[in-house]
Amino acid sequence: MANERYNAREAEIRWQQTWDSQKIFKTENDDPRPKYYVLEMFPYPSGRIHMGHVRNYAMGDVVARFKRAKGFNVLHPMGWDAFGMPAENAAMQNKVHPKDWTYENIATMRSQLQLMGLSLDWDREFATCDVDYYHRQQKLFLDFVEKGLAYRKNAKVNWDPVDQTVLANEQVIDGKGWRSGAEVEQRELTQWFFKITDFAEDLLSEIDHLDRWPDKVRTMQRNWIGKSEGLQARFELTEAAINGDTDIEIFTTRPDTLFGASFMGLSADHPLTKALAKDNAELQVFIEECHKSGTSAAELETAEKIGFDTGLTVKHPLDETITLPVYVANFILMDYGTGAIFACPAHDQRDLDFARKYGLTVTPVVLPKEADAQSFTIEKEAYTGEGTIFNSQFLNGMSIEEAKNAVAQKLESVTINGKPQASRKTQYRLRDWGISRQRYWGCPIPMVHCDECGVVPEKSENLPIQLPDDINFDKPGNPLDRHPTWRQCACPKCGKDALRETDTMDTFVDSSWYYARFTAPWEDSPTDKKAADEWLPVDQYIGGIEHAILHLLYSRFFSRAMRETGHLSVKEPFKGLFTQGMVVHETYKGEDGRWVSPAEITIKESDNQRSAIHNETGESIAIGSIEKMSKSKKNTVDPTDIIESFGADTARWFMLSDSPPERDVIWTEAGAEGAHRFVQRVWRLTQDAQDFLQGSTPDKPEQLSKDALELRKAVHKALAAVESNIEQLGFNRAVAQIYQLVNSVASAAKPQKLESDPSLAWAVDEAMEILIQMLAPMMPHLAEECWSHLSKDGLVSTKNWPQVDSKMLVEDEITLPIQINGKKRGELTIAADADKADIEKAVLESEPVIKALDGKAPRKVIVVPKRIVNVVV
RNA sequence: GCGGGCGUGGUGAAAUAGGUAAACACAGCAGACUUAAAAUCUGCCGACUUAGGUCUUGCGGGUUCAAUUCCCGCCGUCCGCACCA
């Protein structure tokens with residue numbers, strides 16, 4: 001029979017329909033098998049899927065299909081992170097309703113994803129903009145309010161002037177909005193916050209146990225939470241200040257350097273600063289000056305330390321004879337610690353810069369190990385290293401740690417104005433999460449403003465608070481504010497006319513608990529606790545590194561908050577996390593400097609010279625750097641085009657081959673063609689095997705021929721390797737193993753060999769069966785097609801993973817490299833179980849060793865059985 | 001500035017626990033088949049080379065019988081954080 005080419009498009013749709021009609025990927029909650037929850041970060045419905053999605057979902061699908069074959073009850077759901085700004089931008093630009101725009105995009109992207117043949121339980125699908133979903137999110141919000149985990153406060157917030165909304169700290173990058181890129185302004189607004197700081201310590205300490213998370217993400221989260229332990233201490237003013245204050249409270253991590261103090265610093269936003277400024281025009285000017293300077297990285301780098309002498313002085317807490325001047329300084333932040341510091345210029349660079357500028361004293365109090373107390377001075381660089389305390393009265397001679405303790409102990413026991421002068425305190429950099437957004441397309445915050453009762457939570461039975469459909473985007477700002485009737489409601493407490501909150505929730509709220517909702521998306525309450533406890537935590541979560549802080553930290557907060565409000569029991573939502581690399585592509589530019597897309601050009605290659613010409617105009621195109629696929633640089637490749645020309649399996653296979661999954665992968669046309677050649681190669685191999693075997697499984701022979709035994713060994717070694725590679729998410733290594741095996745099978749399965757060797761025919765049949773099963777998680781359609789072509793029973797997608805025959809993994813003879821002085825000089829083939837003495841004897845008799853020794857005795861012989869022999873001459 | 005990662009052929013990369021560096025693939029070259037092309041198959045493919053070898057994992061040291069792997073110091077590159085007291 002003549003070989004036919006594999007028609008991927010036809011076969012893939014056929015198998016997708018088969019899987020679908022048999023509902024083989026539907027997951028039941030009550031199932032006796034052990035559970036495995038694999039989840040890929042759900043997509044934002046921006047319009048069309050891109051190659052990054054293909055890579056992400058191909059990886060997740062390999063894990064899901066593999067675990068299913070290993071006997072687990074696998075939950076592998078899909079949904080849509082569907083609220084957000086782009087829908088509103090589209091509404092403003094194209095006069096489309098955000099809802100229509102979003103649901104149309106979802107429909108497009110769903111059908112694109114379905115072309116990939118992912119083993120998803122589509123019955124659990126939802127979008128976060130579904131009323132059913134945000135209804136339950138509003139319930140969670142009310143529960144959080146009740147527990148004090150959500151609250152309202154007036155706060156200085158990050159205001160994005162382009163998007164006209166507030167941003168969380170995590171969403172401000174280099175002083176710019178993460179989405180708009182606009183310079184963020186500071187504004188005072190009343191906002192809703194989640195009390196993420198309640199869990200700061202737990203969020204930090206549990207990172208230690210997230211051992212299946214990348215270290216990088218763990219480090220980033222630790223730094224973000226930013227714990228520092230120190231002392232909160234009050235410094236007594238020599239005279240009461242204008243507002244009646246008698247002391248200034250500061251936070252320090254370096255109480256050991258207290259005798260090096262030369263001034264006090266107040267933030268420009270400190271209450272005392274504000275009080276002093278009331279009738280001090282000069283100070284007012286200075287404060288304004290401080291506010292003007294931006295917060296971007298570049299500006300901070302060059303910003304000069306400036307200060308304003310308040311004329312106030314404080315007593316040194318350890319020596320009343322010393323007084324320190326109080327300055328307002330631009331480098332002190334109000335929202336860290338107490339907004340006030342004591343400054344020790346010798347051991348803090350900022351304090352030193354400031355002291356030099358204003359001519360304040362610089363007294364070193366930590367002496368480096370090698371330095372001499374008499375001659376040690378600080379010039380332009382503060383000393384922040386280890387050392388012994390000196391110039392410090394009773395602390396002299398102590399280590400830094402000892403001095404910290406001594407100071408803390410002393411000040412804890414002293415009282416001023418009836419209160420202890422100091423207490424040990426742990427500070428976190430982490431701030432509460434501001435979630436109010438002045439947008440339409442988000443989950444409405446279910447609160448009511450009543451003139452009589454104040455801010456009142458809506459009653460649960462009145463949920464959902466639905467978004468109105470009749471809105472317009474004629475003007476900037478939040479359309480909910482302008483809606484003629486939507487705001488009007490009855491106060492849930494007194495029943496009088498009241499107004500709804502018009503802020504909606506940050507879309508990161510939506511994605512902070514979707515993983516829990518998937519465990520029972522049909523429930524009236526946010527979760528079915530039993531189902532949530534059964535499925536959670538997610539065993540393997542896969543997504544981009546860009547979510548290392550925001551989404552992953554918020555989700556960790558949410559699982560804790562939902563635990564406190566009785567919706568689930570786990571603390572940590574994601575047991576295993578994998579952050580995959582991006583899909584990147586070369587960029588191309590025309591002669592006039594415009595970006596040109598890969599589809600418009602043809603690349604010529606010869607002798608390592610690559611050049612490109614435009615398909616239509618014939619102009620020569622410059623090949624530029626490799627960049628993340630983006631519309632602006634036109635270096636995108638549409639997954640649907642690839643699926644149409646090569647099939648989904650080719651796209652999946654290419655995404656899994658070559659590059660390690662955590663690294664960026666370069667999409668190339670040649671690589672895609674190579675992947676497709678492999679698809680055809682497997683299909684040819686299957687047809688050849690089918691031609692010979694004619695659908696009958698040969699009987700297992702008593703004795704295997706040498707060829708058959710070798711093939712079996714190759715098969716079972718590959719099987720063991722692929723299995724462990726997939727377990728470790730080393731998809732590229734699994735792919736390489738499969739390539740190698742296909743090469744072995746192809747060279748073994750030659751007709752002339754098969755005809756004369758029935759045991760080889762049997763081995764080839766086994767090899768094909770196992771090969772197809774190994775391919776199935778990666779190229780499921782091709783695997784089904786081959787499986788059925790070889791008349792194997794049922795669907796390969798529902799088959800159990802094959803068993804490794806461990807007898808095939810051991811060799812009775814092995815080849816050891818022989819080294820002479822650490823350089824390879826020969827080989828020795830010997831029984832695998834040969835002991836050291838046998839090996840040494842054989843090595844000393846080998847030709848290269850005899851030659852090298854030249855009759856002399858070796859200085860040393862190192863024998864590592866099963867590995868290597870090294871003879872030192 | 002602080003913290004972390006990475007650096008191996010023309011390219012993507014591989015190398016259990018320190019033990020044969022370059023598996024597997026892409027590209028390229030040569031040949032077979034073909035009227036021709038595609039597809040397919042076979043071979044070559046780190047560098048130098050006097051054909052016996054010599055050298056090779058960013059650079060320089062160190063530990064070791066043995067280093068891509070461990071240690072120290074540089075260089076390059078990418079990422080994160082950044083006036084956090």
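Worth saying up front: this structure is predicted, and the values here are computed from it rather than measured. Sequence lines set the chain letters: A, B, ... in the order given, protein chains first and strands last, and positions in each chain run from 1.
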- Near-ring test A/Phe654/A/Trp667, centroid separation under 6.0 angstrom: yes

- For this output row, return yes or no: ring centroids of A/Tyr739 and A/Trp653 closer than 6.0 angstrom. yes

- Note on the structure: Checking B/C41, B/A23, B/A27 against the side chain of A/Ala736 (C-beta onward), the nearest is B/A23

- Task: For A/Leu552 and B/G80, give me the distance from atom CG to atom C1', rounded to whole Å.
- Result: 14 Å

- Message: As an exercise, state the distance from CD of A/Glu201 to NZ of A/Lys227, rounded to the nearest 0.5 Å.
- Response: 3.5 Å

- Is the glycosidic torsion of B/G9 within 90° of 0, making it syn, or is it anti? syn

- Query: Any cation-pi pair here, A/Arg429 with A/Trp224, using under 6.0 Å and within 45°?
  - Reply: yes

- Task: Measure the spacing between CE of A/Met582 and CZ of A/Arg55 and express it to the nearest 0.5 Å.
- Result: 9.5 Å

- Query: Roughly how far, to the nearest 0.5 Å, is the CG atom of A/Leu333 from the OG1 atom of A/Thr338?
  - Reply: 11.5 Å

- Phosphate OP1/OP2 of B/C26 contacted by A/Ser657 side-chain N/O (<4.0 Å): no

- Task: Would you kindly give the OH-to-C1' distance between A/Tyr327 and B/C83, to the nearest whole Å?
- Result: 19 Å

- Message: Taking the minimum atom-to-atom distance to the side chain of A/Lys860, which one of B/C81, B/C65, B/A39 wins?
- Response: B/C65

- Of the listed B/C81, B/G3, B/A25, the closest approach to the A/Trp224 side chain comes from B/C81

- Query: Yes or no on salt bridge (charged side-chain N to carboxylate O under 4.0 Å, His left out) for A/Arg350 and A/Asp353, after CA distance, side-chain angles and deciding distance?
  - Reply: CA-CA 5 Å; A/Arg350 292 155 305 172; A/Asp353 294 345; over 6 Å; no

- Task: Rounded to the nearest angstrom, tell me the gap between atom NZ in A/Lys404 and atom C1' in B/A85.
- Result: 12 Å

- Message: Taking 4.0 Å as the cut-off, does a side-chain nitrogen or oxygen of A/Tyr739 come that near to OP1 or OP2 on B/A25?
- Response: no

- Task: Describe the nucleic acid contact of A/Asn743 in one word from base, sugar-phosphate, nothing, applying a heavy-atom distance below 4.0 Å.
- Result: sugar-phosphate

- Closest non-hydrogen atoms of A/Arg652 and A/Met778, given as atom of the first, atom of the second and distance, are NE-O, 3.0 Å

- Specify the separation, in whole Å, of atom NZ of A/Lys823 and atom C1' of B/U64. 15 Å

- With syn meaning chi within 90° of zero and anything else anti, the base of B/A66 is anti

- Task: Return the value, rounded to whole Å, for the distance between atom CD of A/Gln680 and atom P of B/C41.
- Result: 12 Å

- Query: Which nucleotide in the set B/A27, B/G3, B/A85 lies at the smallest distance from any side-chain heavy atom of A/Asn223?
  - Reply: B/G3

- Can you give one letter per nucleotide of nucleotides 14-20 of chain B, 5' to 3': B if a protein heavy atom sits under 4.0 Å from the base, S if only from the sugar-phosphate, - if neither? SSB--BB

- Message: With a cut-off of less than 4.0 Å, is there a side-chain N or O of A/Arg218 near OP1 or OP2 of B/G80?
- Response: no

- Task: List the atom of A/Tyr6, the atom of A/Val679, and the distance in Å for their closest heavy-atom pair.
- Result: CD2-CG1, 3.5 Å

- Message: Without decimals, in angstroms, what is the distance between A/Lys750 NZ and B/U42 C1'?
- Response: 10 Å

- Message: Once you apply a heavy-atom cut-off of 4.0 Å, does A/Ser724 come out as touching a base, just sugar-phosphate, or nothing?
- Response: nothing

- Going from CD1 on A/Ile839 to CG on A/Leu828, what distance comes out if it is rounded to the nearest 0.5 angstrom? 7.5 Å

- Query: A/Arg222 near the nucleic acid: base, sugar-phosphate alone, or nothing, with a heavy-atom cut-off under 4.0 Å?
  - Reply: nothing

- With the side chain of A/Arg431 defined as its heavy atoms from C-beta on, choose the nearest nucleotide among B/C24, B/C84, B/C81. B/C84

- Taking the six-membered ring where the residue is Trp, are the ring centres of A/Phe354 and A/Phe331 under 6.0 Å apart? yes

- Item | Structure string for RNA chain B in dot-bracket form, Watson-Crick and G-U at under 3.5 Å, | interchain | (((((((..(((......[....))).(((((.......))))).(((....)))..(((((..]....))))))))))))....

- Parallel, tilted or perpendicular: which describes the rings of A/Phe342 and A/Phe235, with under 30° parallel and over 60° perpendicular? parallel

- Query: How are the rings of A/Tyr358 and A/Tyr327 set relative to one another: parallel (under 30°), tilted (30 to 60°) or perpendicular (over 60°)?
  - Reply: tilted

- Item | A/Arg684 side-chain N/O to B/C41 phosphate OP1/OP2 under 4.0 Å | yes

- Query: Touch check for A/Ile818, heavy atoms < 4.0 angstrom, all strands: base, sugar-phosphate only, or nothing?
  - Reply: nothing

- Task: For nucleotides 43-48 of chain B, just jot down a letter per nucleotide in 5' to 3' order: B, S or -, based on protein non-hydrogen atoms under 4.0 Å.
- Result: ------

